[in-house]
Enquirer: 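Take this structure first; my questions come after.
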Number of protein chains: 2
Amino acid sequence: MIIQLDMQSDTPIYTQLMNQIIEGIASGKLKRGESLPSVRSLASDIGVNLHTVNKAYTLLKQEEYIQVHRQKGVVVHPDGMPGLTPEYSIKQQSQLRPVIAESILRGISLEDFLQTVEHIYTDISSPERGL
Amino acid sequence: MIIQLDMQSDTPIYTQLMNQIIEGIASGKLKRGESLPSVRSLASDIGVNLHTVNKAYTLLKQEEYIQVHRQKGVVVHPDGMPGLTPEYSIKQQSQLRPVIAESILRGISLEDFLQTVEHIYTDISSPERGL
DNA sequence: ATATCTGTTATATTTGTAGTATAACACAAA
DNA sequence: TTTGTGTTATACTACAAATATAACAGATAT
């Protein structure tokens with residue numbers, strides 16, 4: 001999987017990494033049990049420090065999106081992803097609320113907002129598949 | 001308007017302030033031209049430094065959500081809010097994308113996600129009105 | 001066995017942001 | 001002239017992000 005980083009972004013590198021891996025799993029480009037690069041090789045590839053990658057992996061592990069074996073390396077969680085937990089539901093709503101509020105402030109209708117969401121949703125879940 | 005801050009949150013205070021003022025405007029609790037507390041009085045009220053409030057106000061001014069007069073103080077922008085600009089559209093999508101990706105990863109259907117969004121949207125735009 | 005490749009842990013350092021603490025300036029109203 | 005605005009400047013502490021090395025622990029290949 002190709003990782004694209006924006007070093008000028010105010011989003012931390014480890015967060016950008018997490019987001020891209022999450023989107024990779026969500027889109028199906030990364031499948032259950034599939035291997036991810038080692039912390040060192042990925043760090044080397046994208047030109048960042050080992051610890052930056054390690055932080056992203058550690059957080060993804062905490063959320064049970066990936067598994068880490070001491071010698072086998074890092075793999076997408078083979079048992080599948082966790083579902084909609086109460087904790088995630090709270091996190092999700094606290095992430096959405098400010099975005100929705102600002103959109104309302106700018107006069108964006110519910111219908112338009114839902115359409116934007118739907119567009120992004122389908123864009124992520126229906127990637128160009130080289131079948 | 002009552003401001004509620006979470007000093008334990010990893011969201012910066014000035015961001016929490018911005019979010020609450022934005023939601024206040026979005027909900028109609030804060031109306032066009034309505035006065036906001038001075039930087040000093042608000043800072044004193046919520047127990048933070050003058051500069052923290054000033055930073056929130058400065059950013060809200062940059063987005064044209066409020067107006068700042070040197071002596072009259074701070075008011076909600078009297079000319080109304082800016083609409084859906086291209087810049088905001090990009091910002092909005094970059095905020096939504098990671099949330100949507102993670103929800104897809106956790107198996108949340110488009111319909112369920114849209115329902116969550118709709119719930120938050122109506123919750124913000126239909127506050128308890130003491131008419 | 002012994003290199004080698006994993007993740008992991010431990011320090012230390014640099015850089016930038018968040019937040020605080022004072023102080024002063026510019027301007028306008030009382 | 002005093003007072004209350006926003007504004008600006010400076011300095012400081014605290015913390016997070018990121019880097020730089022180094023070493024440790026475990027498993028695999030040679």
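In what follows, chains carry the letters A, B, and so on, assigned in the order in which the sequence lines appear, proteins first and then strands, with residues in each chain numbered from 1.
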Enquirer: Calculate the interatomic distance between A:Leu50 atom CG and D:dA23 atom P; express it in whole Å.
Expert: 15 Å

Enquirer: Any donor-acceptor pair, under 3.5 Å, between the side chain of B:Arg40 and the base of D:dT3, if you only look at N and O atoms?
Expert: no

Enquirer: Just the rounded figure in Å: distance from P of D:dA27 to NE2 of A:His69.
Expert: 11 Å

Enquirer: Using whole Å, report how far CG of B:Asn54 lies from P of C:dT22.
Expert: 18 Å

Enquirer: Rounded to the nearest Å, what distance is computed from the CG atom of residue A:Asn49 to the C1' atom of nucleotide C:dT11?
Expert: 13 Å

Enquirer: Counting heavy atoms from C-beta on, name the nucleotide in D:dG6, C:dT20, C:dT9 closest to the side chain of B:Val48.
Expert: C:dT20

Enquirer: Within a radius of less than 6.0 Å around NE2 of B:His119, do more than 12 heavy atoms belonging to other residues, nucleotides or ligands occur?
Expert: no

Enquirer: Answer yes or no: side-chain N or O of A:His51 and base N or O of D:dT21 forming a donor-acceptor pair under 3.5 Å.
Expert: yes

Enquirer: Thinking salt bridges, do A:Asp123 and B:Arg97 make one under a 4.0 Å N-O criterion?
Expert: yes

Enquirer: Decide yes or no on side chain to side chain donor-acceptor pair (under 3.5 Å) for B:Tyr65 and A:Glu102, but give the supporting numbers first.
Expert: CA-CA 10 Å; B:Tyr65 297 161; A:Glu102 191 163 2; 2.7 Å; yes

Enquirer: Under 4.0 Å: is that the gap between some side-chain N or O of B:Ser38 and OP1 or OP2 of D:dT5?
Expert: yes

Enquirer: State, yes or no, whether a side-chain contact exists between A:Tyr121 and A:Ser126 at a heavy-atom distance under 4.5 Å.
Expert: no

Enquirer: From CD1 of B:Ile13 over to P of C:dT17, roughly how many Å is that when rounded to an integer?
Expert: 17 Å

Enquirer: Give the rounded distance in Å between these two atoms: NZ of A:Lys55 and C1' of D:dT19.
Expert: 13 Å

Enquirer: Base, sugar-phosphate or nothing for A:Tyr14? Non-hydrogen atoms, less than 4.0 Å.
Expert: sugar-phosphate

Enquirer: If each of B:Ser41 and A:Pro12 is mapped to the nucleotide of DNA chain D with the nearest heavy atom, which maps nearer the 5' terminus, i.e. the 5' end?
Expert: B:Ser41

Enquirer: Would you kindly give the CD1-to-P distance between A:Ile46 and D:dA18, to the nearest whole Å?
Expert: 11 Å

Enquirer: Please identify which of these residues, B:Leu42, B:Ile13, B:Leu36, B:Val74, meets the side-chain contact (heavy atoms from CB on, under 4.5 Å) condition with B:Val53.
Expert: B:Leu42

Enquirer: Check this for me: does any side-chain nitrogen of one of A:Lys91 and A:Glu63 sit under 4.0 Å from a carboxylate oxygen of the other?
Expert: yes

Enquirer: For the CD1 atom of B:Ile66 and the CD atom of B:Glu34, what is their distance to the nearest 0.5 Å?
Expert: 13.0 Å

Enquirer: Check each residue of residues 60-68 of chain B for a non-hydrogen atom within less than 4.0 Å of any atom in DNA chain D, then write out the ones that pass by number, or none.
Expert: B:Lys61, B:Val68

Enquirer: Rounding to an integer number of Å, can you tell me how far A:Lys72 NZ sits from D:dT28 P?
Expert: 8 Å

Enquirer: Below 4.0 angstrom from OP1 or OP2 of D:dA18, is there any side-chain N or O of A:Thr52?
Expert: no

